[in-house]
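Worksheet: one structure, shown below.
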Amino acid sequence: MEAWGVALIKVVFIWAWTLIIATLMTWVERRGSAMIQDRLGPNVCGPFGILQPLADGIKLFTKEDIVPEKAKKILFALGPIMFALPAFSAYAVIPFGDKIVIGGKEIILQVADVNIGFLYIMAIGAMSVYGIVVGGWGSNNKFSILGGLRSTAQLISYEVPFGLALLSVVIIYGTFSLREIVLHQQGTFLGFLPNWGIFKQPLGFILFIVTAYCEANRVPFDLPEAESEIVAGYHTEYGSMRLGLYLFGEYVNMYTLSALMVTLYFGGWHIPYIDMSKFLGPVAYGIASFLVFFLKTCFFLWLFVWVRWTVPRFRYDQVMSLGWKSLIPLALLNLFITAFLVQLTI
Amino acid sequence: MGKPEVKRDYTLGERLYLVEIVKGLGITWKHFMKNFRASLQKGPHTVPTCWQYPWDKREISPIFRGEHMLLLDEEGREKCVACGMCQRVCPAKCITIKRGKVKEGEEAKYAGKTYCASFEIDLLRCIFCGLCEEACNKGAIVLGQGYELADFSRQACVADKKRLIGNFLRAKEEGRLKPKRPPVPVAGAKDAKAAGPQKAKSAGGGQGKGLKRGV
Amino acid sequence: MAQDYVKINIGPSHPAMHGTLRVIAETDGETIINAEPEIGYLHRGVEKLAESMTYHQFIPVTDRLNYCSAIPNNVAYEMAVEKLMGIEVPEKAQLIRVIMMELSRISDHIVCVGILGVDIGALTPFFYLFIQRETIYEMFEWYNGSRLTNTFGRIGGVEAPLFPGFEQKWIEFKPELMKAIDEMDKLLTHNRIWMDRTIGTTAFSAEDALNWGFTGPCLRACGVKRDLRRDEPYCMYDKFEFDIPVGKYGDVFDRYWVRMIEMYESIKIIDQAIEMYKALPDDAPLMAKVPKILKASEGEIYSAIESPNGELGFYLRGDGSDKPYRLKIRPPCYMVYQAFGELVNGEMVADLIACLSSLNVIAGELDR
Amino acid sequence: MQLLERIKGCLGGLIIDISEFHGDIAVEVDRFKIVEALTRLRDDESLSMNFLSDLFGLDNKAFYEKPKKKAKKGDAEGEEEEKPKELPPRFEVVYLLLSLKTNERMMVKIRVPEDDLEVSSVTSLYKAATWPEREAFDMFGIRFKGHPNLKRLLMWDDFPAYPLRKDYPLEGRGEERSLVYGD
């Protein structure tokens, strides 16, 4: 019974936390892009405009909910939910800290330490495309359908290098559990480098980050919603909170993917060369590990924003050819080399 | 016909995507840091593009062509004599003037022998080209610096004489009157010298005036 | 078996449409099979309007042709009227015209190149350039009180000398502008994503371009070295040193590149013009002697200048009255845009947008 | 008069009238021979007028309604037998040509009577004429034979009048009120 209670608290905490991060990210994105572009951005609501997401939320909630006359009503309603739900669920298997001891009880800072965490991420991540396709189709708008189709093709193509890049990580650590992968990354590698995934998988990391951008529909892979070509892609016809769910889902996806990057390649909650558990109390250690993990995640979240406002957008066929002609061969090569090296060392 | 074959060679750095993207990230980072520091400062207009409009307004040129004003001379008399030049020259036809004759005892109010009984400018039609200002012999109508012209009704956007003179009085109070521009030097009729070739043509029989005909 | 294509209607209200343009494209997947541009959504009957206005009154209307750079329109019209009436414009006025025209050429190219970046997804360089455009507008504002629709110049000259601090402002502004253009260059030109998007898209051969009546940067991108400033000099352009950049394939990248180089060339011209301007006495005439009521004799002329978009021509026929009998504007992008269907045929939907922004089609000028 | 001489040499008998004003040469040719005239001007070695700058229509009505001008026009009418002398053709189509070789410009004009508004299209020579011809059709009602897609360009398809004609009022006749929106 107690285990249930703990699990529930963790779930509620991580949902709320993700929500807060996603809302804050909309503000960071707007302020950050403004700073990059020599502007100020929203700075009126609250100090530094930090309450802007709240204002946006109120606006989205109170706006009239318009359903196009010729839209397929059920699909139209289903789309945003199908997009947002997997985005929220994916975080369940990612460890957001090491462990914390409260009342003599050790609690792992992870909603569920599933031993197939990897497969869960892959499966849930691929689900979100349904939300886009269903929404695009249900809108009964040519631009929406184009956006939906672009998204499908893109996700199917990039799922392969994404999976292959992950597979190399699995080969190295020999486990599917994300928590165990992080635990493996303690200490040093080759004597002087932190024992992080990125130093064992440099090519794999580049492949992973490129495909992650594609999975998250971010620039330079934001073709499904390329606003200058196909208006707003799959969410052309959406308004009010339905649109809000799509936008929200995107940021939650970003958060999940950033956390995944930290987990796999940047040592999770480890600080290089320092073992925090040695000199911190159990409670302080739990909080510190959580914060370290979060700060690392923040960097990747910011990278999403930073890249978005720096590079132009690909064209549809170029994304395809990049995926199939460059990334998949590279991912296969990476997998092969990894397997070979692992075989040598064992 | 048909589209030409395009062949351009990419350098290795260009081929690899990431090199140029990282360089680009460097540029945007520089801008970010600069503006981040600027945004922490207090005071208006810390970031080059942004004026926090209702609270903080940019300096506008003293000869800005904004909302019109009708000028009074030093003795407080209306300069306008309702000659109608501005009305005639206006490309948007937004000025309507009614002329009145100055009666005995009213000389202290009006500078000329006639005056404008009503003077209306439809600011919705006006394109702020400044031709009325140029056409006015008396220097009575001048485009001022007012640019906040939005209003709730069409009628409110028609500026009448009272509002136009009010504009002048306010501008005078704030010291925002347009500086007098010196007259533009005009070339003498005789020295119509060749000031650069006006459309020189290799075979274009000179600047032939008038129409020549004949097969 | 008959094949069905998807018809998509891009515009007149679409986030990537510059003004009110509309393209009806038949697509096979993402590939365009057939695209037909439709125009006329901003048709205001400017030519009809001209017949009811005096020669002077029409100057503000010309502002509204190419609203991204009003000054070349003003000057083109004024030069046409001056040619019709045989008025010689004083040297100093011509220099002011050159300076102002080149400034607005820079601002027009800024708009075109910046928006091209936005349409290909790079929003940031757009802002870097538009800040500089703001300074140019400020200079216009200090010159004659207006920022966008300048109503610059009068028939027979210009209305004012350059404002006193002009040179100082230009000297301060020049490095900023060059830095911004450099940043755009660094952010985009060698970026593989940008190159892939622009190189080879909507390439056009020089013969086709001439046959379709291309002028300006779009023609020069095809490799034809033609610039009215050099070929049919007006406003003393033959006294300035500047290069005419040409492209090779006429694709989006070449159009972009030609415009980027032209901004640098314009800076050069302004530098020289300011030097020449300073050498003239303060009281040198700015206006030719022009009668108060302008009446043209009977006759017809055609006068053209190199506006930022290409050859901007005015055909004028006078009938002895103070109003033009017939005025015909030859807008540069009108000729370019009619080849749009041919340009984008076989390309993808994303290229359509890139092509459109690289042509710099301005609806005001297109529909008149 | 070098250009003038060359044009005369090139076109020869096709010229009906030739005028020069401030250096701009305007040549009037027979309206049935416009394609031939433009081809000759393009292919002539010394002229090579190979760039069509613009093409547009023009309504002469008000022009010849003034008696003074009527008399002036009179002497140029000799070659058009089928038209009565008092009523010269109402419309003109003006072609602005440019030689990219010598940077010279010229105008070629044809006159089109009101009762037979058909002119052969020059789109086979210059693609640049595609939209200008549509616009001339739109604004004046001049029909261009052989044009690939002759329909209204700037006005909507059902517009009942030709707005740039001199008898069309500046403020319109309220056609937009009869527009039907939607399906």
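Letters go in sequence order (proteins before strands), and every chain restarts at 1. Since the model is a prediction, treat every value here as computed from it, not as a measurement. Hydrogens, waters and symmetry mates are skipped; everything else that's a heavy atom, side chains included, is used.
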Report task. Begin with the C-alpha distance, continue with both residues' side-chain angles, and end with the deciding distance and a verdict on side chain to side chain donor-acceptor pair (under 3.5 Å) for D:N60 and C:R326. Result -> CA-CA 10 Å; D:N60 260 327; C:R326 170 89 166 96; over 6 Å; no

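In summary, C:R317 and D:E92 engage in a salt bridge, as defined by a charged side-chain N under 4.0 Å from a carboxylate O. Ion pairing between a basic and an acidic side chain is recognised when a charged N comes within 4.0 Å of a carboxylate O; C:D254 and C:K248 show no such pairing. Taking a cutoff of 4.0 Å between a charged side-chain nitrogen and a carboxylate oxygen, D:R143 and D:D116 do not qualify as a salt bridge.
For a residue to count as touching a neighbouring chain, one of its non-hydrogen atoms must lie under 4.5 Å from one of that chain's; by this rule C:L327 does not touch chain D. With a 4.5 angstrom heavy-atom cutoff, C:P331 does not touch chain D via any of its atoms. In this structure, the portion of C:K328 lying under 4.5 Å from any heavy atom of chain D is its side chain and not its backbone. For a residue to count as touching a neighbouring chain, one of its non-hydrogen atoms must lie under 4.5 Å from one of that chain's; by this rule C:R330 touches chain D with backbone and side chain alike. Residue C:E311 touches chain D through its side chain alone, counting heavy-atom pairs closer than 4.5 Å. In this structure, chain C has a heavy atom under 4.5 Å from the side chain of D:N149, while its backbone stays farther away. Only the side chain of D:L98 comes within less than 4.5 Å of a heavy atom in chain C; its backbone stays farther off. Interface remark: D:L96 contributes side-chain atoms only to the contact with chain C (heavy atom separation under 4.5 Å). With a 4.5 Å cut-off on non-hydrogen atoms, D:R165 touches chain C through its backbone but not through its side chain.
Residues of residues 360-368 of chain C lying under 4.5 angstrom from chain D, judged on non-hydrogen atoms, are C:L366, C:D367, C:R368 in numerical order.
Contacts of C:N34 classified as side-chain hydrogen bond (donor to acceptor under 3.5 Å, both in side chains), with partners at least two apart in sequence or in another chain: none. For C:E36, the salt bridge (charged side-chain N to carboxylate O under 4.0 Å, His left out) test picks out D:K151, with sequence neighbours left out.
Counting heavy-atom pairs under 4.5 Å between each of C:E38, C:H43, C:K48 and chain D puts C:K48 at the top. Ranked by heavy-atom pairs under 4.5 Å with chain D, the list C:L49, C:T215, C:L84 is led by C:L84. Interface check for chain C: of the options D:P163, D:A26, D:S53, D:A129, the most heavy-atom pairs under 4.5 Å are formed by D:S53.
A donor-acceptor contact shorter than 3.5 Å links the side chain of D:E133 to the backbone of D:V122.
Donor-acceptor pairing under 3.5 Å is lacking for the side chains of C:S307 and C:N309.
Annotation: C:Y315 is in aromatic contact with D:F56 [ring centroid separation under 6.0 Å]. In this structure, D:Y162 has its ring center no closer than 6.0 Å to that of D:Y168.
Residue-environment remark: NZ (D:K101) exceeds the threshold of 12 foreign heavy atoms within 6.0 Å.
Screening residues 107-132 of chain D for ring-ring contact (aromatic ring centres under 6.0 Å, His included), with sequence neighbours left out, gives C:Y334-D:W131, C:Y337-D:W131.
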